[in-house]
Protein chains: 2
Amino acid sequence: MGTDQRQADPNRTLELLWDVQAPPTRGPKPALSLRQVVDTGIAIADAEGVAAVSMRRVADELGYTTMSLYRYVPSKTDLLDLMVEHAAEVPDLPPELTGWRDKLRWWANDTAEIYRRRRWALDVPLNTPPMGPNQVKRMEQGLSALDETGLSGGEMLGILVVLSGYVRGHAQLATALADVEQRTGTPQEAWDQAYGRMLTTFVNADDHPTLARIVAEDGFEGYAEPDDEWLGDDFTFGLELVLDGIDRYVERRRPAMSPE
Amino acid sequence: MGTDQRQADPNRTLELLWDVQAPPTRGPKPALSLRQVVDTGIAIADAEGVAAVSMRRVADELGYTTMSLYRYVPSKTDLLDLMVEHAAEVPDLPPELTGWRDKLRWWANDTAEIYRRRRWALDVPLNTPPMGPNQVKRMEQGLSALDETGLSGGEMLGILVVLSGYVRGHAQLATALADVEQRTGTPQEAWDQAYGRMLTTFVNADDHPTLARIVAEDGFEGYAEPDDEWLGDDFTFGLELVLDGIDRYVERRRPAMSPE
DNA sequence: TAGAACTGTGTACAACATAAACCAAGCGCT
DNA sequence: AGCGCTTGGTTTATGTTGTACACAGTTCTA
C-alpha cells in the first residue's frame, strides 16, 4: 500500500482544518467541496467503520472518480484527520453548571459521548497534535472549567491531558470488549466462551492466586460480557476517581481559600 | 486490500496465544516456528513501526515466501495481536514494595514502560479482549496489588480498567505529540511552528478567553514541544491523581480499619 | 506400501493509495 | 477580444498489500 505519507505539510493541514483558503478565482467551479468529501467519509465510517472508508468508496458515493478527491484533500491520512475533527463537534457548556467539578464531569462525559456515537474515531491513529477548531474549542472549554481553581496554565493543561487520556483510553478498552463481534465477524458468545475457557483452563491458583480466587467467587460476571450501555457504571466510577484526584490536588494547592 | 477478516476463530487465537497445540506427527518438520515469526514481526516494528510490518516483509526477513507464514498464523491481524502479547512481557513485582499504592504505581509505570519501548503497540487496534498469558499475568499482578484493600473482585477489576485506561490513553496522547516527526515525515519544528501560528492566528479572546489568556502568559511553553523523556512529569502527575482517587475510594469503603 | 497429514511454493486476484499526463473550463491581463 | 495561466476532473499506470487456491514434496501411520 502507499499509505506511507512521505511528507506532510502542517500549513496545508492547518488551512484545511480551519477552512481558510483564498477561494480561487481562475479555474472552473469546483463541483464538490471539502465539506462534502469529509461528510461522506464520516457517513461511511458511521455506518461501516473506518476500515470501509477508502478513496474509491468515498468518490463512488459522491459520483466522481477516485482521483478527483485529491483536489480537495492531500492524502487519505488528512481526510481521516479531518473526519475526526468534524465529527467531534463541541456543544456549548450548559450554563447551569457552576463548580469546576460539575463542568469537568460534563466535559468528560461529552467527550466520551463523541466516542460512543463515533467509535471509529478511536481507530484513527493520532498522528498530529490536535489543532482543529473543535479540538481547540474543547480544550478551551476544559480550561474554562478549571479556571476558577486558580491553578496555573501548565497545571490546567496537565489535568486536561490526564482527563482526556483517561477518557480515550477507557473508551478504547470498552470498545474492544463491546465491539468484538463487529470487529472480528465472530459472534459475541463465541468470544465469551473462549474467555471463560481461558480462565478455567490456564488460570491456576499457583500462577494466578488472586485471579483464581476471584474467578472462583464468580467475581467475573458482568466483565466477560460488558454491559449493554457501553461506557456505563465503569466509566463513571473511574471518572469520579480521577475527579477526586483532581479535587485533592486542587485543595492541596490552595489550602485555605474561600470557594468564591 | 483484504484486511477485512471475515471470520475469526477464538479457539484458534487462544491456542496461539497460550502456545498449546498438539505438535503434528505426520508431515515434514516445520522449518520455522510461531515464535520466530512473531519475533521477526516485533523486530521490524521496533525498528520501523508497525506500518512496516507486512507479511512479505516478515517472510523476506526470514528467507521464506510470504505464504509460508500462513502455516503459522491465520491472518495478519492475529500476527499483530500475538506481537503485542509477546512484546508486553511482565516482570515480577519487586518484593520490596509493600503497600497497594506503591505496587499499583509500579504496575502503571511498568505498563507505560512497555508502551515507551514499543510505541507501535499503541498503533495495533484493540480488537479482542486481552486474553494472552502476559495480559492475564498483568491483570493478576494488578489484582494482587489491590488484594490487601479488601475490595470486591468487581471493584478491583473496575479500578484496573480505569488505571490501564489512563495509562493507555495518556501514552497515546503523549506519543502523538512526541512522534510527529517519525509519523508524518515532517520535522518537529515545522509542526511546532504551525501550532504556534494556529494559537496566535485563530485563538482570539472572544471565542477562547481562557486559552488566549494562557497563551498570552506563555503558559504553553513546554507543551507545544513535549519534554524529551516522553512520559515524564505529566504522566506521573496524572498517575498520582488517579492513585489519589483510588485512595479516597478505598478509604471510603473501609472507613476505620487498621492499615495492617 | 498406499495413503493421509502436513509442509513450503508459485500463481493469481482484488483492493488499495497515489503519481503523472491530460483536456476542458474559466478568470485576468494585455 | 483573445491569449495564457490557473484550476478541476478524468484517464491511465504503478507498486504494494493480504490472502485464496492449487500443487509438489515430505514424513509418519495403517
Side-chain angles (χ1 to χ4, degrees), chain A residues 1-9 12 15 21-34 36-37 40-41 44 48-81 83 124-125 127 184-185, chain B residues 1-9 12 21-34 36-37 40-41 44 48-83 124-125 127 184-185:
Chain A
M1 205 195 316
T3 313
D4 265 10
Q5 174 105 346
R6 276 290 151 241
Q7 269 285 77
D9 180 357
R12 183 75 207 285
E15 278 175 13
Q21 43 209 340
T25 60
R26 297 295 170 108
K29 306 286 178 200
L32 296 171
S33 70
L34 176 60
Q36 279 181 75
V37 173
T40 309
I44 298 171
E48 305 170 46
V50 74
V53 177
S54 70
M55 292 293 156
R56 171 109 152 70
R57 179 69 192 284
V58 173
D60 279 359
E61 213 86 24
L62 287 164
Y64 288 82
T65 54
T66 308
M67 288 310 291
S68 69
L69 301 186
Y70 286 89
R71 295 281 164 189
Y72 300 89
V73 154
S75 73
K76 186 185 176 182
T77 308
D78 289 78
L79 173 57
L80 291 178
D81 287 348
M83 284 167 54
V124 177
N127 286 323
T184 63
Chain B
M1 205 195 319
T3 312
D4 263 11
Q5 174 105 345
R6 276 289 151 241
Q7 270 284 79
D9 180 357
R12 184 75 207 284
Q21 44 208 339
T25 61
R26 297 293 171 109
K29 308 286 178 200
L32 297 171
S33 69
L34 176 59
Q36 280 180 75
V37 174
T40 309
I44 297 172
E48 305 169 46
V50 75
V53 178
S54 70
M55 293 292 158
R56 171 110 152 72
R57 178 68 192 283
V58 173
D60 279 359
E61 212 87 23
L62 286 164
Y64 287 82
T65 55
T66 308
M67 287 311 291
S68 70
L69 301 186
Y70 286 89
R71 294 285 166 190
Y72 300 89
V73 153
S75 73
K76 185 184 177 182
T77 308
D78 289 76
L79 173 57
L80 290 178
D81 288 348
L82 286 165
M83 283 168 53
V124 177
N127 287 323
T184 62

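In what follows, chains are A, B, ... by sequence order, proteins preceding strands, each numbered from 1.
Here the closest non-hydrogen pair linking A:Ala31 and A:Tyr64 is CB-OH, 3.3 Å. Shown here for B:Ser75 and B:Asp78, the closest heavy-atom pair between the two residues is OG-OD1, 2.6 Å. Nearest approach of B:Thr65 to B:Ala59, heavy atoms of both residues: O-CB, 3.4 Å. Listed here is the closest heavy atom pair of B:Thr66 and B:Met55: CG2-CB, 3.6 Å.
A heavy atom lying under 4.0 Å from DNA chain D marks the following residues of residues 60-70 of chain B, by number: B:Thr66, B:Met67, B:Tyr70.
Atom CG of B:Leu62 sits about 9.0 Å away from atom OG of B:Ser33, to the nearest 0.5 Å. Summarising the geometry, atom NZ belonging to B:Lys76 is positioned 8.5 Å from atom CE belonging to B:Met83; distances are rounded to the nearest 0.5 Å.
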Distances under 3.5 Å between nitrogen or oxygen atoms of protein and nucleotides 4-6 of chain C:
none

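Rounded to whole Å, atom C1' of C:dT9 lies 17 Å from atom CE of B:Met55. The nearest whole Å value for the distance from the CD atom in A:Gln36 to the P atom in D:dG8 is 14 Å. The NZ-P distance, from A:Lys76 to C:dA19, rounds to 15 Å in whole Å. Taking atom CZ on B:Arg56 and atom P on C:dT9, their separation rounds to 13 Å, with Å as the unit.
Between A:Tyr72 and the phosphate of D:dG9, there is a side-chain N or O to OP1/OP2 separation shorter than 4.0 Å. Remark: B:Lys29 is in phosphate contact with D:dC28, judged by side-chain N or O atoms under 4.0 Å from OP1 or OP2.
Heavy atoms of other residues, nucleotides or ligands lying less than 6.0 angstrom from CZ of A:Arg56 number 12 at most.
A donor-acceptor pair is defined here as one N or O able to donate and one able to accept, closer than 3.5 Å; no such pair exists between the side chain of A:Tyr72 and the backbone of A:Val37.
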